Structure formats: C-alpha cells, structure tokens
Amino acid sequence: MPLDDAYANAPYIAGADAFPPRWAAAAAAFREALGARAEIGLSYGASERQVFDFFNAEGTSKGTVIFVHGGYWKAFDHTSWSHFAAGSLAAGWSVALPGYDLCPDVRISEITRQIAQAVTAIAARTEGPLALTGHSAGGHLVARMLDAEVLAAEVRARVVRVAPISPVTDLPPLMKTSMNEILRLDAEEALAESPIRQAQPAGTEVKIWVGAEERPVFLEHADLLAKAWSAPHVVVPGTHHFDVIDALEDPSSDIVRFLTAT
C-alpha cells in the first residue's frame with residue numbers, strides 16, 4: 001500500500017525490537033516496587049481488557065494523570081507502560097493507566113468510547129483535577145476526549161490539561177495503508193475520529209509533543225493539530241517515536257511539569 005512506509009516507525013529506529021520487552025520489564029519492576037500503592041486490574045467495562053491500573057500518590061494526591069498507550073489501536077496493553085507514571089507520581093499526583101479492546105475486535109470509534117468510560121470511572125474514584133496524556137494512538141484517544149460529545153460535561157470540566165504525544169490526528173490517510181485490514185476504517189469513521197476536525201477545545205490547556213527524529217508524517221500530524229486547535233507544540237530534539245515518551249519518567253521534564261502544574 002502506498003502509505004505503509006510513511007507510518008512505519010520500527011524500520012527507522014535502531015534497536016527497535018528491544019524496546020517492547022524493555023518496556024514490559026521496566027513496567028513490571030515498577031509495579032512491584034510500588035507495593036500496596038499499585039491497584040491492579042480495576043474494571044471499568046465488560047471485557048477483560050477494559051481495566052485500569054491505579055497508582056496512588058504518597059500522601060494526599062494533587063490530582064490524577066491518565067496515560068493512554070499507543071500501538072495503532074491494534075497492539076499492546078496498559079501493563080507495558082507502568083514506569084512512565086514515575087514522573088507524575090514523584091510530583092505528587094496519582095496516575096491511572098487504562099487498557100482497551102483492540103482492532104479488529106472493535107472499531108476505533110468504540111475504543112474512543114471505552115477510553116471515555118475509563119476516564120469517567122477514574123474521575124468517580126478520585127478528587128481534584130485530571131490531566132490526560134497518551135502516545136501515538138493514545139495521543140489520538142486523549143485528544144478525542146476533548147470532543148464535547150465524548151465525555152459528560154461534569155467529567156470534562158475536571159480535565160485541566162491534555163498532552164498528546166506523537167498523536168495520530170488525521171485518520172483518512174490510514175485507509176491507504178495495509179493496516180486498515182485490521183483497523184477497518186471507512187470514510188465516515190475516519191473523518192469523525194480525526195481530532196483535527198474537532199472544534200477547538202475551550203477550558204482545557206493543550207500542549208502537543210513530538211520527537212524531532214520521528215517519521216515526517218508524525219511531525220505533520222502534530223503540526224496539524226497544533227494549528228487546528230491554536231495550541232503550542234514541542235518538537236523534542238534527538239528523540240524518535242519510541243523514546244520521546246521517556247520524559248514521562250522525569251518529574252523535572254517539561255511534559256511532567258506541564259501535566260502536574262498546580
């Protein structure tokens with residue numbers, strides 16, 4: 001398919017195959033080290049994948065950061081990313097990581113509904129502000145939460161900041177990739193699920209991150225969303241699609257300071 005290469009990340013990242021097992025091992029070690037502060041596999045929906053892990057801040061939490069993982073809506077689960085909660089936890093915020101069903105078992109529009117359901121469930125068990133971040137397809141999903149029709153008004157009112165990282169923001173081009181055999185996007189859904197076609201959000205601070213060494217299409221998608229929403233975006237020098245998220249582990253990083261500002 002003509003656009004397969006444009007959306008292919010791993011072939012352009014040295015040692016790409018080592019990243020997923022490294023993430024999984026670091027995440028497992030992180031959860032174990034948290035002990036009782038880690039609440040694992042909390043259900044928010046009907047399927048086995050509709051669960052979230054909740055990591056409690058020490059003492060009184062300042063708010064909750066929600067991280068949504070990527071994988072082109074067809075790969076991974078929430079358990080490989082636990083260690084990326086480290087920065088926000090160190091800043092005094094609790095962190096939740098929801099899972100979701102994958103394509104082709106469900107469509108992308110259903111995944112959007114599931115993440116909205118997860119955010120709603122997390123809001124119900126917490127107090128204070130919510131800050132959302134997500135990577136790649138997860139960046140798409142947290143951006144979709146700012147559609148006025150996705151979250152109930154009382155939940156959306158608590159979402160103070162959203163930080164999409166390397167988000168997929170314009171979905172019609174994906175119909176020209178072979179992965180659409182799994183995603184099953186049609187023209188109507190691709191348009192409806194494209195954040196760049198949403199109304200500019202009001203009342204929520206948005207800032208977009210992307211790695212300077214990412215594939216050109218990801219730089220383009222970040223720029224498109226920044227322009228559509230009149231939102232600032234950061235092109236992080238020396239980072240690619242797989243390591244641009246490392247900053248989430250560092251409480252002094254720009255993205256963690258953005259997410260956890262009070």
Side-chain angles (χ1 to χ4, degrees), residues 3-16 19-20 22-23 27 65-78 80-81 83-85 87-88 97-98 100 102-103 108 111-112 115 131-146 161-174 177 179 183 190 193-196 198 205-229 231-250 253-259:
L3 291 183
D4 277 11
D5 184 68
Y7 287 89
N9 289 300
Y12 294 90
I13 295 173
F19 278 87
R22 188 186 309 153
W23 289 327
V65 171
I66 301 173
F67 174 82
V68 182
H69 74 83
Y72 278 130
W73 310 274
K74 63 184 181 62
F76 298 119
D77 65 34
H78 67 292
S80 290
W81 318 91
H83 52 301
F84 292 115
S88 296
L97 291 90
Y100 50 86
L102 301 178
C103 299
I108 291 174
I111 297 173
T112 293
I115 293 303
L132 312 184
T133 187
H135 175 236
S136 196
H140 160 268
L141 291 165
V142 297
R144 288 288 293 124
M145 295 304 104
L146 294 180
R161 283 175 292 279
V162 174
I165 307 170
S166 309
V168 185
T169 64
D170 186 28
L171 273 58
L174 296 176
T177 68
M179 69 175 137
L183 303 180
E193 284 294 321
S194 291
I196 63 167
Q198 292 174 211
E205 191 176 0
V206 178
K207 197 170 186 178
I208 302 147
W209 268 261
V210 66
E213 298 179 7
E214 299 213 36
R215 303 290 287 136
V217 73
F218 281 93
L219 293 166
E220 178 183 357
H221 278 240
D223 184 61
L224 286 170
L225 187 62
K227 289 176 178 175
W229 288 4
H233 85 293
V234 179
V235 181
V236 186
T239 60
H240 52 64
H241 194 71
F242 287 179
D243 64 7
V244 67
I245 52 177
D246 289 351
L248 290 171
E249 297 186 74
D250 179 4
S253 69
D254 288 344
I255 190 167
V256 172
R257 286 188 294 172
F258 170 77
L259 288 166

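This is a predicted model, so every value here is computed, not measured.
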Are the side chain of [X] and the backbone N or O of [Y] linked by a donor-acceptor pair below 3.5 Å?
| X | Y | value |
| --- | --- | --- |
| Arg144 | Pro195 | no |
| Thr169 | His221 | yes |
| Ser253 | Asp250 | yes |
| Asp243 | His240 | yes |

Is there side-chain contact between [X] and [Y], with at least one heavy-atom pair below 4.5 Å?
| X | Y | answer |
| --- | --- | --- |
| His78 | Pro98 | no |
| Val234 | Val210 | no |
| Ile108 | Leu171 | yes |
| Glu193 | Thr112 | yes |
| Asn9 | Tyr72 | yes |
| His69 | Ser80 | no |
| Tyr12 | Glu214 | no |
| Trp81 | Ile245 | yes |

Rounded distance [0.5 Å steps], [atom1] in [X] versus [atom2] in [Y]:
| X | Y | atom1 | atom2 | result |
| --- | --- | --- | --- | --- |
| Phe242 | Ile13 | CZ | CD1 | 4.5 Å |
| Leu259 | Ile66 | CG | CD1 | 11.0 Å |
| His140 | Ile115 | NE2 | CD1 | 11.0 Å |
| Asp246 | Ile255 | CG | CD1 | 11.5 Å |
| Leu132 | Leu141 | CG | CG | 11.0 Å |
| Ile111 | Lys74 | CD1 | NZ | 11.5 Å |

Less than 6.0 Å separating the ring centroids of [X] and [Y]?
| X | Y | result |
| --- | --- | --- |
| Phe218 | His241 | yes |
| Trp73 | Tyr100 | no |
| Phe67 | His135 | no |

Closest heavy-atom pair and its distance - [X], [Y]:
| X | Y | answer |
| --- | --- | --- |
| Ala226 | His233 | CB-ND1, 3.6 Å |
| Val235 | Gly211 | CG1-C, 4.4 Å |
| Ser88 | Val65 | OG-CG2, 3.6 Å |
| Trp229 | Ala143 | CH2-O, 3.5 Å |
| Ala212 | Gly238 | CB-N, 4.2 Å |
| Asp170 | Pro173 | O-CD, 3.3 Å |

Is Arg22 close enough and on-axis enough to Phe19, meaning under 6.0 Å and within 45°, for cation-pi? yes
Six-ring centre of Tyr7, Arg215 cation under 6.0 angstrom, axis tolerance 45°: no
Who passes side-chain hydrogen bond (donor to acceptor under 3.5 Å, both in side chains) against Arg257, sequence neighbours left out? Asp254
Do the ring planes of Phe76 and Trp23 sit parallel (below 30°), tilted (30 to 60°) or perpendicular (above 60°)? perpendicular
Looking just at side-chain N and O atoms, do Glu213 and Thr239 make a donor-acceptor pair shorter than 3.5 Å? no
Intermediate values then yes/no, side-chain contact (heavy atoms from CB on, under 4.5 Å), Phe84 and Glu249: CA-CA 5 Å; Phe84 292 115; Glu249 297 186 74; 3.7 Å; yes
Run Leu248 and Ile165 through side-chain contact (heavy atoms from CB on, under 4.5 Å) and show every step you take. CA-CA 10 Å; Leu248 290 171; Ile165 307 170; 4.0 Å; yes
